[in-house]
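Reviewing the structure listed below.
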Amino acid sequence: MENKDQLHPCMIVIFGASGDLTKRKLIPALFDLYTRKQMPEHFAVVGVSRTEFSDDDFRQKLFDFKPDNYSDSASWNAFAKHIHYHAADSTKIGDYAQMKQRFKALADEHQTGENALYYLSMAPQFFEPTINNISAAEMVTEGKRYCSLDRKQKPWQRIVVEKPFGSDPKSATHLNSVLANVFEETEIYRIDHYLGKELVQNLMVLRFANAIFEPIWNQSYIDHVQITASETVGVESRGAYYDGPTGGAMRDMVQSHLLQVLSVMAMEPPVSLKAEDIRTEKIKIFKAMRVPKYDDVPNIAVRGQYGDGQLAGKVIKAYRDTEGVDPESQCDTYAAMKMYVDTWRWGGVPFYLRSGKAMAKKITNIVLYFKPTPHILFRDMAKQRKANQIVINVQPDEGIRIRFEGKVPGHRLAVKDVELDFDYVKQWNAQPPDGYSTLLYDVMLGDQTLFKHRDEIECAWHAVQPVLDYWNDNPQFDLPNYAAGTWGPSAADILMAQSNRYWHNPK
Ligand code: BG6
């Protein structure tokens with residue numbers, strides 16, 4: 001959120017470049033920036049992986065994956081000249097001498113100087129050896145920039161680390177230490193693509209650029225908050241990964257994306273829009289997340305796994321029948337959790353988080369349910385009294401909706417809920433940019449606002465670990481417990497019904 005000043009020349013090195021993320025997200029995002037003229041004048045993108053490709057083969061592979069995205073062939077051809085490929089095993093120090101030579105030649109060719117953005121887009125077990133090798137090969141030249149006389153004159157090397165960032169508090173802390181041995185915190189970009197989504201950023205604008213929301217954004221007026229990320233797809237080809245130690249909805253979605261969204265929704269107004277001021281406020285929320293008690297887990301968390309089902313006429317086979325998945329897997333393809341943020345603002349307000357695969361609808365939203373009026377005047381005039389709501393649709397149908405009670409036209413006094421609707425696409429006549437382009441742009445600028453601080457990650461793991469431990473120790477015998485294409489297990493509805501609440505399940 002800092003002033004977008006000039007972008008410096010730089011080389012973007014993608015480790016693990018033959019993987020899915022590069023072709024699905026990173027290259028389309030960089031191309032998007034390129035066509036919007038938001039790339040530095042001098043840049044190069046170098047993919048590094050073990051598989052052998054020539055530069056041209058690599059470019060073709062990227063192109064073939066999304067030909068429609070690159071239909072402006074003149075722009076693609078010009079952009080593709082910046083893309084290169086180098087076959088190497090980043091976990092083997094012996095491969096680095098050649099790699100460095102190649103980088104040097106490409107830096108000369110593209111005039112990128114020594115600025116480098118290392119992107120770790122690989123399986124998590126390769127993070128540590130790769131970070132250590134980057135250090136041993138002296139590919140971080142900047143040293144401690146705080147010690148230099150003129151920080152602006154020194155080249156930078158930044159690192160972007162994808163999720164999964166650890167699989168529990170211990171492994172996340174360890175990875176943070178490995179990173180800290182090589183990079184300063186200011187150069188470490190722990191990416192969470194949900195923070196790049198327009199509506200998550202818009203949440204800060206909604207809250208802090210307006211006077212009408214903030215006074216009611218607290219425990220005096222809000223009954224509870226729901227944060228949902230439901231997907232219609234199952235695990236598809238990712239069965240082996242998802243069924244492993246970093247998979248499952250609690251780890252894959254709740255611990256990372258949903259807690260991040262919660263922190264932006266719940267934070268106090270920062271003193272400025274500087275990254276450090278915003279992150280300071282987010283960290284306070286992470287520190288205030290109440291760590292559930294192990295014995296209380298059955299009362300506050302629900303796990304689910306999808307069985308056979310149907311969605312829009314399409315048959316979806318059970319999770320356990322997916323390739324790479326243990327036929328007796330206990331993995332949670334659905335997780336719901338009730339949690340509290342112990343601050344003055346949020347004391348006593350439950351936050352209900354849920355995420356699942358193979359559900360009835362793809363939606364990510366935040367719903368604030370307000371308390372009833374202190375005196376209910378219109379008790380008999382509405383068929384069913386509904387709470388006031390603010391619904392922030394993160395995706396799809398990006399927008400913000402406010403639901404309140406209105407009078408039904410006519411002589412008799414009747415009350416019904418009505419909506420004020422801000423629809424992003426209609427309002428701006430534009431599709432929201434992909435989160436990855438926003439985030440890559442920010443890394444090149446050196447703006448850490450939308451990236452996670454080490455404390456946020458470690459606290460987030462602490463907040464979910466008792467649930468994971470309990471689930472690990474106590475197998476559940478009724479799995480699968482929801483049919484694909486539905487809103488999840490009935491136990492999740494019971495969790496809400498216990499306090500007379502219900503999930504916001506849009507049609
Ligand atoms: C990823 C998860 O981080 O987010 C995936 O690993 C999930 O399992 C994806 O499908 C969802 O992202 P989005 O942007 O489609 O909501």
Side-chain angles (χ1 to χ4, degrees), residues 16 19-26 28-29 32 66 119-124 127 160-167 172 189-203 227-262 264 303-306 311 316 319 322 324-325 329 331-335 353-366 392-398 424 431-440 450-452 456-457 460-461 464 484 488 506:
D20 238 28
L21 188 75
T22 306
K23 59 183 184 197
R24 239 175 3 98
K25 292 287 183 186
L26 303 183
D32 179 47
K66 281 206 164 184
Y119 200 115
L120 301 190
S121 166
M122 49 189 19
F127 288 173
V160 182
V161 189
E162 267 293 338
K163 66 184 269 282
F165 199 101
S167 56
Y189 291 75
R190 301 173 191 84
I191 200 164
D192 186 311
H193 76 281
Y194 269 53
L195 290 178
K197 292 190 189 281
E198 275 290 282
L199 263 286
V200 176
Q201 295 180 64
N202 214 332
L203 191 52
I227 304 180
T228 297
S230 59
E231 298 180 85
T232 48
V233 288
V235 290
E236 324 230 299
S237 58
R238 294 168 73 219
Y241 161 78
Y242 198 84
D243 214 46
T246 51
M250 186 58 91
R251 286 193 170 93
D252 185 45
M253 295 292 291
V254 178
Q255 183 276 340
S256 50
H257 304 319
L258 295 200
L259 290 187
Q260 280 296 323
V261 172
L262 188 158
V264 178
R303 92 182 110 169
Q305 191 188 87
Y306 63 88
L311 187 65
I316 304 177
Y319 174 71
T322 312
V325 171
S329 172
C331 181
D332 50 311
T333 62
Y334 174 101
L353 313 178
R354 64 172 169 165
S355 180
K357 301 236 179 244
M359 291 183 65
K361 200 173 162 82
K362 163 121 180 127
I363 186 130
T364 301
N365 66 14
I366 308 163
I392 296 148
N393 264 353
V394 176
Q395 65 181 16
D397 307 329
E398 288 81 355
Y424 184 99
Q431 291 296 330
D434 180 70
Y436 272 97
S437 59
T438 306
L439 296 171
L440 282 165
L450 300 176
F451 294 84
K452 308 193 259 198
E456 296 176 37
I457 301 228
W461 276 117
V464 301

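Just the heavy atoms: all of them, side chains too, but no hydrogens, waters or symmetry mates, feed the values below. Indexing begins at 1, ligand by ligand and atom by atom, following the structure's order.
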Worksheet item: Are Val261 and Lys197 close enough that some pair of their side-chain heavy atoms sits under 4.5 Å apart?
Response: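 The answer is no, as the side chains (C-beta and beyond) never meet within the 4.5 Å cut-off.
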Discussion item. Give me the atom names and distance for the closest heavy-atom approach of Tyr319 to Gly239.
Written reply: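 Smallest interatomic distance, heavy atoms only, reads OH-O, 4.4 Å.
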Discussion item. Hydrogens and angles aside, do Gln431 and Tyr424 bring a side-chain donor and acceptor to less than 3.5 Å of each other?
Written reply: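 No.
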Worksheet item: Can you tell me if Glu456 and Gln260 form a side-chain donor-acceptor pair at under 3.5 Å?
Response: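 Yes, side-chain donor-acceptor contact under 3.5 Å.
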Worksheet item: After noting the C-alpha distance and the side-chain angles of Lys163 and Asp192, does the key distance pass the salt bridge (charged side-chain N to carboxylate O under 4.0 Å, His left out) rule?
Response: CA-CA 7 Å; Lys163 66 184 269 282; Asp192 186 311; over 6 Å; no
Pairs under 3.5 Å, nitrogen or oxygen of ligand 1 with protein nitrogen or oxygen:
{"from": "ligand 1", "atom 1": "3 (O)", "to": "Lys163", "atom 2": "NZ", "distance (Å)": "2.8"}
{"from": "ligand 1", "atom 1": "3 (O)", "to": "His257", "atom 2": "NE2", "distance (Å)": "2.7"}
{"from": "ligand 1", "atom 1": "6 (O)", "to": "Lys163", "atom 2": "NZ", "distance (Å)": "2.9"}
{"from": "ligand 1", "atom 1": "6 (O)", "to": "Arg238", "atom 2": "NH2", "distance (Å)": "3.2"}
{"from": "ligand 1", "atom 1": "6 (O)", "to": "Asp252", "atom 2": "OD1", "distance (Å)": "2.6"}
{"from": "ligand 1", "atom 1": "6 (O)", "to": "Asp252", "atom 2": "OD2", "distance (Å)": "3.3"}
{"from": "ligand 1", "atom 1": "8 (O)", "to": "Arg238", "atom 2": "NH1", "distance (Å)": "2.8"}
{"from": "ligand 1", "atom 1": "8 (O)", "to": "Asp252", "atom 2": "OD2", "distance (Å)": "2.6"}
{"from": "ligand 1", "atom 1": "8 (O)", "to": "Lys357", "atom 2": "NZ", "distance (Å)": "2.8"}
{"from": "ligand 1", "atom 1": "10 (O)", "to": "Glu231", "atom 2": "OE1", "distance (Å)": "2.6"}
{"from": "ligand 1", "atom 1": "10 (O)", "to": "Glu231", "atom 2": "OE2", "distance (Å)": "3.3"}
{"from": "ligand 1", "atom 1": "10 (O)", "to": "Lys357", "atom 2": "NZ", "distance (Å)": "3.1"}
{"from": "ligand 1", "atom 1": "12 (O)", "to": "His193", "atom 2": "NE2", "distance (Å)": "3.1"}
{"from": "ligand 1", "atom 1": "14 (O)", "to": "His193", "atom 2": "NE2", "distance (Å)": "2.8"}
{"from": "ligand 1", "atom 1": "14 (O)", "to": "Lys197", "atom 2": "NZ", "distance (Å)": "2.7"}
{"from": "ligand 1", "atom 1": "15 (O)", "to": "Lys362", "atom 2": "NZ", "distance (Å)": "3.0"}
{"from": "ligand 1", "atom 1": "16 (O)", "to": "Tyr194", "atom 2": "OH", "distance (Å)": "2.4"}
{"from": "ligand 1", "atom 1": "16 (O)", "to": "Lys362", "atom 2": "NZ", "distance (Å)": "3.2"}
{"from": "ligand 1", "atom 1": "16 (O)", "to": "Gln395", "atom 2": "NE2", "distance (Å)": "2.7"}

Worksheet item: Going by the angle between their ring planes, with limits at 30° and 60°, are His257 and His193 parallel, tilted or perpendicular?
Response: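 Ring orientation of His257 relative to His193: perpendicular.
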